[in-house]
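Here is the structure we will look at.
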Amino acid sequence: MEDSLLIGGRALNNRLFIGTGKFPNKTIIPEVIKESQSQVVTMALRRVDFDSEQENVLNYIPKSCILLPNTSGARNADEAVRIARIARAAGCGNWIKIEVISDNKYLLPDNYETIKATEILVKEGFVVLPYMSPDLMVAKKLQDVGAAAVMPLGAPIGTNRGLKTKELIRILIEEIEVPIVVDAGIGKPSEAAEAMEMGAAAVLVNTAIATAGDPVLMAGAFNLAVQAGRKAYLAKTGRTKYYAEASSPLTGFLTYEEAI
């Protein structure tokens with residue numbers, strides 16, 4: 001059964017997006033991408049060093065992947081817009097993940113500034129995927145101004161704490177028409193599977209893979225988990241119940257005489 005994800009006019013067959021930060025060394029990134037089978041790879045533009053062959057993270061991302069530069073480091077909409085324009089001018093394409101963060105303790109996104117940046121960049125022809133705190137009204141506004149997807153956080157960036165915002169993400173999945181890509185906080189493949197079972201269109205994982213004892217093996221595990229979660233969602237899981245219900249009829253038991 002064909003089950004592709006359409007974002008920005010591109011059909012994606014893999015629903016695991018991955019990041020490129022925090023790896024022990026950049027040489028492992030191609031192996032991680034291969035094992036994850038991810039087609040969308042994000043990287044912070046501020047980590048791109050065009051003057052160094054070894055330090056330039058772009059040299060470790062296969063050309064077949066869709067680059068999703070992010071505006072990490074932006075503290076307001078103006079800075080995010082400027083970073084996006086630089087990324088496109090540098091040849092990173094027109095996909096952009098908006099990150100606007102002025103909170104240094106929890107690194108929570110500024111939803112108001114994110115909406116402003118999204119509206120500007122959509123008008124300039126970018127495919128905009130905004131990272132946001134899961135709020136229904138904000139998600140609706142982002143959708144209205146042209147976001148190609150919205151990326152609610154599961155927990156603060158880099159914490160590996162899982163789907164702490166699960167109920168709010170569930171509401172977005174139910175009410176928002178553009179794809180929901182769960183971003184930040186997912187720490188285990190089982191949590192990625194859970195997000196997909198809920199109906200998320202995709203998940204983005206970085207820290208959980210990059211800080212694993214074996215990042216390549218973990219990338220493969222996340223790939224399988226995302227596939228499993230998606231299949232479970234499509235298969236429609238059975239309803240949960242409070243009381244036991246026998247799988248077989250409770251009639252037709254052998255009598256004592258028949259059993260001996």
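Here the CD1-CG distance, from Ile18 to Asn206, works out to 8.0 Å after rounding to the nearest 0.5 Å. Atom CG of Leu163 is separated from atom NZ of Lys188 by 10.5 Å, given to the nearest 0.5 angstrom.
Ser38 has its side chain out of reach of Val32: every pair of non-hydrogen atoms, C-beta onward, lies at least 4.5 Å apart. Annotation: side chain of Thr71 is not in contact with side chain of Lys97 (no heavy-atom distance under 4.5 Å).
Partner Pro109 forms a side-chain contact (heavy atoms from CB on, under 4.5 Å) with one of Ile98, Ile157, Asp183, Leu153 and no other, that one being Leu153. Considering Leu68, Asn14, Val181 as possible partners of Val40, the one that fulfils the side-chain contact (heavy atoms from CB on, under 4.5 Å) test is Leu68.
No donor-acceptor distance shorter than 3.5 angstrom exists from the side chain of Glu174 to the backbone of Arg170, with no hydrogens or angles considered. A donor-acceptor pair is defined here as one N or O able to donate and one able to accept, closer than 3.5 Å; no such pair exists between the side chain of Glu113 and the backbone of Val100.
Under 4.0 Å is where a charged nitrogen must lie from a carboxylate oxygen, and between Lys141 and Glu119 no such pair does. For Lys34 and Glu31, the salt-bridge test fails: no basic side-chain N is under 4.0 Å from an acidic carboxylate O. Remark: Asp3 engages Arg15 in a salt bridge, criterion side-chain N to carboxylate O under 4.0 Å. Using a cut-off of 4.0 Å between Lys/Arg side-chain N and Asp/Glu carboxylate O, Glu124 and Arg85 are scored as salt-bridged.
Residues Thr42 and Asn70 have side chains that bring a donor and an acceptor to within less than 3.5 angstrom of each other. Under the 3.5 Å distance criterion, with hydrogens and angles disregarded, no donor-acceptor pair is assigned to the side chains of Asp110 and Asn76. If you check the side chains of Asn25 and Thr27, you find a donor sitting under 3.5 Å from an acceptor.
Pairing each heavy atom of Pro134 with each of Pro152, the nearest pair is CB-CB, 3.8 Å.
Atom CZ of Arg75 is surrounded by 12 or fewer heavy atoms from other residues, nucleotides or ligands within 6.0 Å.
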